[in-house]
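Encoded as structure tokens, the structure appears first; notes follow it.
Positions are given from 1 along the sequence. None of these values were measured; they are calculated from a predicted model.
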Amino acid sequence: MIIFTARIPKRRLLAGTSAALCCVFAVLAFALTLGGRAVAASAEVKNIKDNDDRLAYLSGLGWQTSSQPIATEELLIPEEFDESYTGYLQLQADQGFDLTQYKGRRVKRYTYQLTNYPSQDEPVQISLLIYKNRVVGGQIQSSSGSFLHGLSLPGPASAQPSPAPSQTASGQTIR
């Protein structure tokens with residue numbers, strides 16, 4: 001058996017350890033910052049307890065809205081989804097939301113008027129679906145129902161949002 005020994009001064013050992021810890025913390029901070037922005041519009045977000053939390057969430061996505069919801073509704077997610085829900089479920093899934101987990105549950109939909117939607121002649125609204133202080137879905141739609149898309153800001157490539165499908169939940173239209 002061969003044993004190697006080395007003598008390292010305490011100052012160098014302390015400096016090396018400090019530098020390594022700084023690098024680890026920098027990488028973690030960078031990863032958390034990027035992860036926080038990426039998760040905001042693509043997965044469930046918890047601790048949305050009141051209007052200020054909803055506004056902060058929407059602001060974090062880059063949206064400016066009315067200070068109060070223009071509509072607050074309670075919706076029943078159906079136990080069984082028929083083919084009319086296919087497009088809407090796919091829209092939610094593309095954002096990281098899975099409404100099938102909430103079959104038979106009551107959710108609240110908060111709808112706000114968007115004030116900074118790019119190049120639109122008609123009013124545009126943003127809606128959040130909330131279940132037990134958790135964002136479980138959401139969409140942006142024109143007031144007339146001419147388009148519907150996810151919560152992210154549209155890029156130059158998506159200048160024309162897709163037409164809005166119409167789905168109903170317990171007699172109400174989800175747009």
*Report yes if some heavy atom in the side chain of F97 is under 4.5 Å from a heavy atom in the side chain of Q139; otherwise report no.*
no

*asked:* Tell me every residue that passes side-chain hydrogen bond (donor to acceptor under 3.5 Å, both in side chains) with T100, counting only those two or more places apart in sequence or in another chain.
replied: D98

*If only atom types and distance count, is the side chain of N133 paired as donor or acceptor with the main-chain N or O of N47 below 3.5 Å?*
no

*asked:* Whether K103 and E79 form a salt bridge (side-chain N of Lys/Arg under 4.0 Å from carboxylate O of Asp/Glu) is what I want to check.
replied: no

*Gap between atom CD of E73 and atom OG of S127 - 0.5 Å precision*: 7.5 Å

*With sequence neighbours excluded, what pairs up with D82 under the side-chain hydrogen bond (donor to acceptor under 3.5 Å, both in side chains) test?*
S84

_To the closest 0.5 Å, what do you measure between CD (E122) and OH (Y117)?_
10.0 Å

*Criterion side-chain contact (heavy atoms from CB on, under 4.5 Å) on V107 and I130, from CA distance to verdict*: CA-CA 6 Å; V107 298; I130 308 286; over 6 Å; no

*Listed by chain and number, what are the side-chain contact (heavy atoms from CB on, under 4.5 Å) partners of I2, not counting sequence neighbours?*
F4

*Does Q141 reach the main-chain N or O of V124 with its side chain, forming a donor-acceptor pair under 3.5 Å?*
no

*Does a side-chain heavy-atom distance below 4.5 Å link R54 with K49?*
no

*How would you list, by chain and number, every residue that makes a side-chain contact (heavy atoms from CB on, under 4.5 Å) with D121, sequence neighbours excluded?*
none

*Any chance you could measure L91, atom CG, to T86, atom OG1, to the nearest 0.5 Å?*
12.5 Å

*Apply side-chain contact (heavy atoms from CB on, under 4.5 Å) to the pair L61 and Y57, showing each step before the final yes or no.*
CA-CA 7 Å; L61 297 175; Y57 174 75; 3.8 Å; yes

*Under the side-chain contact (heavy atoms from CB on, under 4.5 Å) test, which residues partner I126, sequence neighbours left out?*
L58, W63, T65, Y112, L114, I140, L151

*Nearest-0.5 Å distance that lies between atom OH in Y110 and atom CG in L129*: 11.0 Å

*Can you sort out the partners of Q68 under side-chain contact (heavy atoms from CB on, under 4.5 Å), two or more places apart, ordered by chain and number?*
N51

*Could you state the interatomic distance from NZ (K108) to CG (L128), rounded to the nearest 0.5 Å?*
13.5 Å

_I'd like to check the side-chain hydrogen bond (donor to acceptor under 3.5 Å, both in side chains) partners of Y131; sequence neighbours left out, ordered by chain and number._
R105

*Chi angles and distances behind the side-chain contact (heavy atoms from CB on, under 4.5 Å) call for K46, K132*: CA-CA 9 Å; K46 298 178 183 178; K132 291 188 177 181; over 6 Å; no

*With sequence neighbours excluded, what pairs up with E83 under the side-chain hydrogen bond (donor to acceptor under 3.5 Å, both in side chains) test?*
none

*Show your working on side-chain contact (heavy atoms from CB on, under 4.5 Å) between Q125 and I70 and close with a plain yes or no.*
CA-CA 9 Å; Q125 301 167 349; I70 57 174; 3.4 Å; yes

_Approximate separation, where rounding is to 0.5 Å, of S143 OG and Q113 CD_ = 5.0 Å

